[in-house]
Number of protein chains: 2
Amino acid sequence: MTAIKETSTIQENKQYALEKCPVTYVMEKIGGYWKPIIIYHLSSGPLRYSELKRAIPAVTEKMLIQHLKQLEADNLVIREAKPVVPPFVTYSLSASGNGLLPIIEAMATWAFKDKEDGFNIS
Amino acid sequence: MTAIKETSTIQENKQYALEKCPVTYVMEKIGGYWKPIIIYHLSSGPLRYSELKRAIPAVTEKMLIQHLKQLEADNLVIREAKPVVPPFVTYSLSASGNGLLPIIEAMATWAFKDKEDGFNIS
DNA sequence: CATTGTGCATACTTTAGGGTAAGTACTTGT
DNA sequence: ACAAGTACTTACCCTAAAGTATGCACAATG
């Protein structure tokens with residue numbers, strides 16, 4: 001993962017925001033471009049790595065694996081690997097990851113309504 | 001064959017994600033470092049620009065005004081200026097902006113629980 | 001007459017994160 | 001022999017968003 005420079009105000013401010021703001025906390029966990037999409041795809045059941053890859057064609061392998069690793073590190077998804085060859089790895093949502101689904105749904109509801117109402121081109 | 005890149009994949013992918021994913025849509029609106037914090041501070045009532053500035057000392061004026069402008073453009077906050085000098089400008093949440101509060105609350109609940117459960121190394 | 005306080009604007013720099021391209025190890029199929 | 005499929009890894013590049021620094025117009029205050 002990208003090495004973080006410990007002497008940047010960006011990081012300091014992120015710390016501030018993380019403590020002050022639960023939204024930022026959540027963002028840290030699901031804020032990557034593909035994370036919510038991955039979570040969405042896993043919400044209907046476990047998937048293999050290659051299944052995810054095919055389900056989200058636009059994502060590159062690097063991004064997919066990177067986000068999966070982060071999600072795993074944050075205990076949102078669970079990785080299970082069978083020691084066979086060719087490899088057999090499945091990803092599924094953890095309890096914590098499942099807990100995000102209502103939030104995502106609430107967002108979807110808001111987004112839908114906002115898109116409707118917002119015919120106001122200012 | 002001067003292959004000048006006129007379209008970035010980042011933008012293409014953002015488009016993809018925006019259409020496919022309500023979370024990304026919401027992120028686009030409240031995804032800035034300071035936006036949720038601004039919204040939080042406005043949730044208890046309208047504030048003047050300078051009051052916001054003092055309420056969130058860590059934010060720079062550029063970021064504050066930039067995010068306020070974006071929030072205004074997205075119809076999440078309402079700017080009201082009195083044509084007096086010194087200027088008197090207040091910001092308040094719009095109906096749409098208020099609609100975000102339940103989401104933020106849901107996030108707060110999740111974040112709180114996640115922090116508790118997850119005394120995970122990281 | 002210089003400072004303070006309002007609410008911004010704008011040029012320049014940094015950095016975190018996303019993207020590209022290529023390689024790895026191992027086996028099965030042709 | 002070689003391609004294809006599995007699940008990654010690594011080195012490097014590019015950009016959008018965040019940050020730094022400064023300036024503006026105006027009035028009241030010391």
Side-chain angles (χ1 to χ4, degrees), chain A residues 1-18 24 27-38 47-72 77 79-91, chain B residues 3-18 24 27-38 46-54 56-72 77 79-91:
Chain A
M1 283 164 219
T2 29
I4 24 185
K5 209 179 181 183
E6 55 291 311
T7 56
S8 92
T9 37
I10 292 186
Q11 284 310 309
E12 279 167 35
N13 282 341
K14 203 170 231 167
Q15 267 318 106
Y16 171 86
L18 269 169
T24 306
M27 299 291 192
E28 276 293 296
K29 310 256 170 182
I30 64 167
Y33 270 22
W34 305 103
K35 283 186 191 174
I37 297 172
I38 292 169
L47 288 176
R48 293 184 64 176
Y49 172 80
S50 53
E51 288 174 319
L52 271 173
K53 208 175 73 178
R54 275 189 295 269
I56 318 170
V59 76
T60 66
E61 291 199 63
K62 182 203 161 196
M63 278 298 104
L64 182 54
I65 200 72
Q66 192 176 99
H67 284 150
L68 282 171
K69 295 288 170 198
Q70 286 170 15
L71 288 168
E72 195 197 351
V77 308
R79 193 189 99 112
E80 275 167 303
K82 287 178 181 149
V84 295
V85 62
F88 193 95
V89 181
T90 56
Y91 291 92
Chain B
I4 293 173
K5 219 180 182 180
E6 47 202 59
T7 52
S8 86
T9 36
I10 292 186
Q11 285 311 309
E12 279 167 33
N13 283 342
K14 205 170 228 166
Q15 266 319 105
Y16 173 86
L18 269 169
T24 306
M27 298 293 193
E28 276 293 297
K29 310 257 170 183
I30 64 167
Y33 272 23
W34 305 104
K35 283 185 189 173
I37 296 171
I38 292 169
L47 287 176
R48 293 184 65 177
Y49 173 80
S50 53
E51 289 175 317
L52 271 173
K53 208 175 72 181
R54 275 189 294 269
I56 317 169
V59 75
T60 66
E61 290 200 64
K62 184 204 161 194
M63 279 295 105
L64 182 55
I65 200 70
Q66 193 176 100
H67 283 150
L68 281 170
K69 294 290 170 196
Q70 285 171 15
L71 288 168
E72 195 197 350
V77 309
R79 193 189 98 111
E80 276 167 302
K82 284 176 183 153
V84 295
V85 63
F88 192 96
V89 180
T90 57
Y91 291 91

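What's counted below: heavy atoms across the whole structure, side chains too, no hydrogens, waters or symmetry copies. Labels below follow one simple rule: chain letters A, B, ... track the order of the sequence lines, proteins then strands, and each chain is numbered from 1.
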Student: Once you round it to whole Å, what is the distance between P of D:dA27 and NZ of B:K82?
Tutor: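 To the nearest whole Å, that distance equals 19 Å.
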Student: For A:V59 versus A:M63, what's the shortest heavy-atom pair and its separation?
Tutor: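 The pair with the smallest heavy-atom distance is CG2-CB, 3.7 Å.
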Student: Please state how far atom CD1 in B:I56 lies from atom P in D:dG19, giving the value in whole angstrom units.
Tutor: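 My rounded result for the distance is 12 Å.
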Student: Take the C1' atoms of the five end pairs on each side of the helix from C:dC1-D:dG30 to C:dT30-D:dA1, get both axes, and report the angle to 10 degrees.
Tutor: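 End-to-end axis angle for the helix from C:dC1-D:dG30 to C:dT30-D:dA1: 30°, rounded to 10°.
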Student: Between B:K29 and B:Q70, do the side chains contain a donor N or O and an acceptor N or O under 3.5 Å apart?
Tutor: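 Distance-only check fails for B:Q70 and B:K29.
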Student: Grab the NZ-C1' distance between A:K35 and C:dG18 for me, whole Å please.
Tutor: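 Value for this atom pair: 12 Å.
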Student: Do A:E80 and A:V89 have side chains that approach each other closer than 4.5 Å (heavy atoms only, starting at C-beta)?
Tutor: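 A:E80 vs A:V89: side chains apart.
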Student: Atom CG of B:L52 and atom C1' of C:dG7: how far apart are they, to the nearest Å?
Tutor: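 It is 12 Å, rounded to the nearest whole Å.
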Student: What heavy-atom pair brings A:T24 and B:Y33 nearest, and what distance separates the two atoms?
Tutor: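 Looks like OG1-O, 4.2 Å.
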Student: Checking B:Y49 now: which residues fulfil side-chain hydrogen bond (donor to acceptor under 3.5 Å, both in side chains) with it, not counting sequence neighbours?
Tutor: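 Partners of B:Y49 under the side-chain hydrogen bond (donor to acceptor under 3.5 Å, both in side chains) test: B:E61.
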Student: For C:dG17 and A:W34 - does any side-chain N or O of the residue sit under 4.0 Å from the phosphate oxygens OP1/OP2?
Tutor: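 Checking A:W34 against C:dG17: no side-chain N or O falls below 4.0 Å of OP1 or OP2.
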Student: Is B:H67 near enough to D:dA17 that one of its side-chain N or O atoms lies under 4.0 angstrom from OP1 or OP2?
Tutor: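 So the side-chain polar atoms of B:H67 never come under 4.0 Å of the phosphate oxygens OP1 or OP2 of D:dA17.
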Student: Produce a footprint string for nucleotides 1-11 of chain D: one letter per nucleotide, 5' end first; B if the base is under 4.0 Å from any protein heavy atom, S if only the sugar-phosphate is, - if neither.
Tutor: -----BSBBBB
Student: Would you confirm whether B:E51, through its side chain, and B:R48, through its main-chain N or O, come within 3.5 Å as a donor-acceptor pair?
Tutor: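 It does hold such a pair.
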Student: Can B:H67 and B:I38 be said to form a side chain to side chain contact (heavy atoms under 4.5 Å, CB included), step by step?
Tutor: CA-CA 9 Å; B:H67 283 150; B:I38 292 169; 3.8 Å; yes
Student: Of the non-hydrogen atoms in A:G32 and A:P36, which two are nearest, and what is the gap between them?
Tutor: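 In terms of heavy atoms, the two residues are closest at O-CD, 3.2 Å.
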Student: Can you measure B:L64 atom CG to C:dT10 atom P for me and round it to whole angstrom units?
Tutor: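 After rounding, the reported distance stands at 17 Å.
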Student: Between atom CE in A:M27 and atom P in D:dA18, what is the gap in whole Å?
Tutor: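 About 11 Å, once rounded to whole Å.
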Student: Whole Å only: how far is the CD atom of B:E80 from the P atom of C:dC8?
Tutor: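 These atoms are roughly 13 Å apart.
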Student: Rounding to a whole Å, what distance do you find between B:Q66:CD and C:dC12:P?
Tutor: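 One finds 17 Å between P of C:dC12 and CD of B:Q66, rounded.
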Student: Can you name the closest pair of heavy atoms from A:L68 and A:V77 and give their distance?
Tutor: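 Reported closest heavy-atom pair: O-CG2, 4.0 Å.
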